[in-house]
Participant: 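The following block contains the structure, expressed as structure tokens.
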Protein chains: 2
Amino acid sequence: MAGDGQVAAQTALGRGKRPQRLTEVAYQEVKRRILDNEYPPGSQILEQDIAAELDLSRTPVREALVRLEQDGLLSIVPRHGARISALSAADMREIYEILIALEPTAVELIARQRLAAEQLQPLVQSCDAMERSLEGSKPDLKAWAAADESFHTGVAQLCPNRRLSAMIMTVSDQSHRARLFTLTLRPLPLRSTQEHRAVVDAMLAGDADRARELYVAHRRRGRDELMALIERHGFQRL
Amino acid sequence: MAGDGQVAAQTALGRGKRPQRLTEVAYQEVKRRILDNEYPPGSQILEQDIAAELDLSRTPVREALVRLEQDGLLSIVPRHGARISALSAADMREIYEILIALEPTAVELIARQRLAAEQLQPLVQSCDAMERSLEGSKPDLKAWAAADESFHTGVAQLCPNRRLSAMIMTVSDQSHRARLFTLTLRPLPLRSTQEHRAVVDAMLAGDADRARELYVAHRRRGRDELMALIERHGFQRL
DNA sequence: GAATGCAACAACGTATGCATTATTGCATTC
DNA sequence: GAATGCAATAATGCATACGTTGTTGCATTC
């Protein structure tokens with residue numbers, strides 16, 4: 001083995017996970033590359049290449065690929081390497097259906113806990129950030145997307161059901177790229193911002209049922225908007 | 001390496017999967033052992049032992065363990081081997097919450113398809129089997145459990161959202177052992193049987209909303225019954 | 001000129017070897 | 001007698017070697 005693999009290890013460190021095991025380093029790094037679109041959908045990646053780039057052997061890379069396959073981010077074709085998942089419109093619909101089932105449950109569970117306002121701060125701050133990003137003459141879509149993502153991550157993290165949190169994060173990751181692609185195509189997400197705020201208000205008021213309903217409606221609308229965009233622009237794979 | 005590994009390969013074959021890769025053999029077999037309680041909850045399993053028993057090397061066993069960890073059936077503790085997951089009452093509650101979110105969505109999707117009656121036959125037959133198992137003087141709980149499981153498997157299989165199907169199956173497997181344990185402790189599942197039938201009737205009638213509601217109610221009642229049993233009997237880990 | 005077959009190559013699936021690390025047991029000391 | 005430290009053992013995490021399989025390209029034949 002030549003070199004030291006520092007670059008890869010540091011990159012993984014940067015994402016806040018403990019990179020004790022090289023398997024973990026490979027997992028975090030390959031996952032990042034997929035989500036950041038460095039490995040475009042439909043492309044094939046060879047475990048040998050990844051191993052060489054990250055300066056480690058094929059073994060931890062293989063393990064990482066197995067995990068990523070179960071995350072739905074790629075599929076391992078037995079003698080043909082790993083193919084990065086390319087999502088069709090139908091795939092996006094499937095993913096949204098699942099999120100519509102899972103996330104409102106998480107929101108309901110959080111609301112039922114009747115947390116103190118300060119504990120809901122992460123969500124409030126995300127809403128604030130969304131609103132700020134759209135103020136002024138030049139809306140900052142990138143900032144809005146970051147705030148939106150932090151909101152949904154916050155929901156998963158506050159959710160007391162850890163299994164549910166993990167599933168939500170996994171499914172969200174699958175739709176990550178599609179959200180990025182459509183971000184600039186959709187109308188200004190003013191309504192979406194309002195809807196997030198309304199959900200938080202219901203949570204603050206401890207109205208779990210209302211929070212759930214609002215969130216279901218929010219996700220349904222988001223899905224319809226996204227599906228319309230995908231069909232209008234004729235995206236086949238993203 | 002001695003022997004030929006025929007036993008393990010045949011066992012995996014028997015469960016209807018293609019055992020092309022040894023990784024797949026190891027995965028199916030270890031999973032079976034966990035679900036059949038041959039590896040009791042909380043126990044530790046050593047990859048070397050499994051490799052020796054299945055007559056293959058540690059490599060495919062490792063991959064299988066990684067997959068099983070993501071399935072939630074065990075957890076790999078870095079230098080301590082794999083520990084079979086032991087579910088607490090809180091874990092069972094988490095799992096039921098997720099199933100209550102996912103399965104009713106599947107039922108709704110199936111009902112919306114307005115399938116011909118013959119395509120819903122698997123579910124009808126499961127209901128028939130449940131009813132038959134409770135007729136007569138000596139109810140056959142084992143047969144009932146098998147029919148119940150086939151019903152829920154049928155729901156997952158008929159569901160047009162493949163991702164959703166897979167998630168339901170994975171989560172169901174996690175609660176498999178707990179269901180077995182409590183089977184003989186719960187009252188005769190007459191009501192549960194009726195509820196299944198009602199769901200199928202709603203699906204046959206194409207009433208998706210009603211099917212969903214009935215199913216949510218069914219699962220909620222099942223959860224409450226199970227949780228009460230667990231608490232009454234003071235199960236700590238299952 | 002096109003198609004088929006063979007050969008070389010490349011990638012994967014699996015096995016095994018090596019070094020690190022954690023645990024356990026025994027001995028020694030307080 | 002108990003506690004601590006060291007050593008031996010065992011199991012993991014990772015690297016690498018090997019055999020199998022699928023692919024690609026060239027040559028030969030129809």
Side-chain angles (χ1 to χ4, degrees), chain A residues 1-13 17-31 39 42-70 73-84, chain B residues 1-13 17-31 39 42-70 73-84:
Chain A
M1 185 172 125
D4 56 7
Q6 292 274 354
V7 177
Q10 282 182 0
T11 307
L13 262 169
K17 307 284 179 177
R18 22 123 239 193
Q20 204 70 334
R21 295 175 292 289
L22 293 184
T23 293
E24 189 67 24
V25 172
Y27 175 77
Q28 297 293 339
E29 177 60 16
V30 175
K31 182 171 178 178
Y39 293 146
S43 64
Q44 298 239 2
I45 53 178
L46 276 53
E47 49 184 58
Q48 300 194 114
D49 294 352
I50 301 167
E53 285 177 45
L54 301 188
D55 198 11
L56 32 84
S57 81
R58 282 170 50 218
T59 307
V61 173
R62 269 189 78 80
E63 268 188 47
L65 293 182
V66 168
R67 290 174 58 190
L68 289 164
E69 180 179 35
Q70 295 216 339
L73 292 177
L74 50 83
S75 59
I76 297 174
V77 191
R79 287 267 171 187
H80 298 257
R83 166 171 279 116
I84 308 298
Chain B
M1 181 174 122
D4 57 6
Q6 292 275 352
V7 177
Q10 282 181 0
T11 307
L13 260 170
K17 308 283 178 177
R18 23 116 239 201
Q20 203 72 333
R21 294 175 294 288
L22 294 183
T23 293
E24 189 67 24
V25 173
Y27 176 77
Q28 297 292 340
E29 177 61 16
V30 175
K31 182 172 178 176
Y39 293 145
S43 65
Q44 297 240 3
I45 53 178
L46 276 53
E47 51 184 56
Q48 299 195 115
D49 294 353
I50 301 166
E53 284 176 45
L54 301 188
D55 199 12
L56 32 84
S57 81
R58 283 169 48 218
T59 307
V61 173
R62 269 189 77 81
E63 267 188 48
L65 292 182
V66 167
R67 291 174 58 189
L68 289 165
E69 180 179 34
Q70 296 218 337
L73 292 176
L74 52 82
S75 59
I76 297 175
V77 192
R79 286 267 172 187
H80 298 257
R83 166 172 280 115
I84 308 299

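So you know, we letter chains A, B, ... as the sequences are listed, proteins then strands, and number each from 1. Side-chain atoms are counted along with the backbone in the values below, which use heavy atoms only and exclude waters and symmetry mates.
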Participant: Expressed as a whole number of angstroms, how long is the span from B:Glu47:CD to C:dT14:C1'?
Facilitator: 14 Å
Participant: Report the distance from atom CD of A:Gln48 to atom P of D:dA17, rounded to the nearest whole Å.
Facilitator: 13 Å
Participant: Roughly how far, to the nearest 0.5 Å, is the CD1 atom of B:Ile45 from the CD1 atom of B:Ile76?
Facilitator: 9.0 Å
Participant: Measure the shortest side-chain to side-chain distance between A:Arg21 and B:Pro78 over non-hydrogen atoms and say whether it is less than 4.5 angstrom.
Facilitator: yes
Participant: To the nearest angstrom, how far is A:Arg58 atom CZ from C:dA10 atom P?
Facilitator: 14 Å
Participant: Minimum heavy-atom separation for B:Ala26 to B:Pro60, with atom names?
Facilitator: CB-O, 4.1 Å
Participant: Could you write out DNA chain D as a dot-bracket string, with dots for unpaired bases, | for bases paired across to another strand, and Watson-Crick or G-U pairs counted at under 3.5 Å?
Facilitator: ||||||||||||||||||||||||||||||
Participant: Can you see if the side chain of B:Thr59 gets near the phosphate of C:dT14 - specifically, an N or O under 4.0 Å from OP1 or OP2?
Facilitator: no
Participant: Taking side-chain hydrogen bond (donor to acceptor under 3.5 Å, both in side chains) as the definition, give me every residue that meets it alongside A:Glu47, ordered by chain and number, with sequence neighbours left out.
Facilitator: A:Arg58, A:Arg62
Participant: My understanding is that only residues two or more places apart in sequence, or in another chain, count here; which of them pass side chain to side chain contact (heavy atoms under 4.5 Å, CB included) with B:Arg83?
Facilitator: B:Gln44, B:Ser75, B:Val77
Participant: Find the distance A:Ile76:CD1 to C:dA11:P and express it as a whole number of Å.
Facilitator: 16 Å
Participant: Taking atom C1' of C:dT16 as reference, at what distance in whole Å does atom CG of B:Leu56 sit?
Facilitator: 14 Å
Participant: Looking only at the side chain of B:Arg21 (C-beta and beyond, no hydrogens), which of the listed nucleotides D:dG13, C:dA15, C:dG13 gets closest?
Facilitator: C:dG13
Participant: Taking atom types as they are modelled, would you say the side chain of B:Thr23 forms a donor-acceptor pair with the base of C:dT14 within the 3.5 Å cutoff?
Facilitator: no
Participant: Could you check how far CG of B:Leu65 sits from P of D:dT12, rounded to whole Å?
Facilitator: 9 Å
Participant: If you compare all heavy atoms of A:Ile84 against all heavy atoms of A:Leu74, which two are closest, and at what distance to 0.1 Å?
Facilitator: CA-CB, 4.0 Å
Participant: Does the side chain of A:Tyr39 reach to within under 4.5 Å of the side chain of A:Val30, using non-hydrogen atoms?
Facilitator: yes
Participant: Output a table of nitrogen or oxygen pairs between the protein and nucleotides 19-23 of chain D separated by less than 3.5 Å.
Facilitator:
residue : atom : partner : partner atom : Å
D:dT20  : O2   : A:Arg79 : NH1          : 3.2
D:dT23  : OP1  : A:His80 : NE2          : 3.3

Participant: Let me know the distance between CG of B:Leu22 and P of C:dC12, rounded to the nearest Å.
Facilitator: 17 Å
Participant: Report the distance from atom CD of A:Gln44 to atom C1' of C:dA11, rounded to the nearest whole Å.
Facilitator: 11 Å
Participant: With heavy-atom distances below 4.5 Å as the criterion, would you say the side chains of B:Thr23 and B:Thr59 are in contact?
Facilitator: no
Participant: Could A:Lys31 and A:Glu24 be called an ion pair, given the rule that one side-chain N must be under 4.0 Å from one carboxylate O?
Facilitator: no
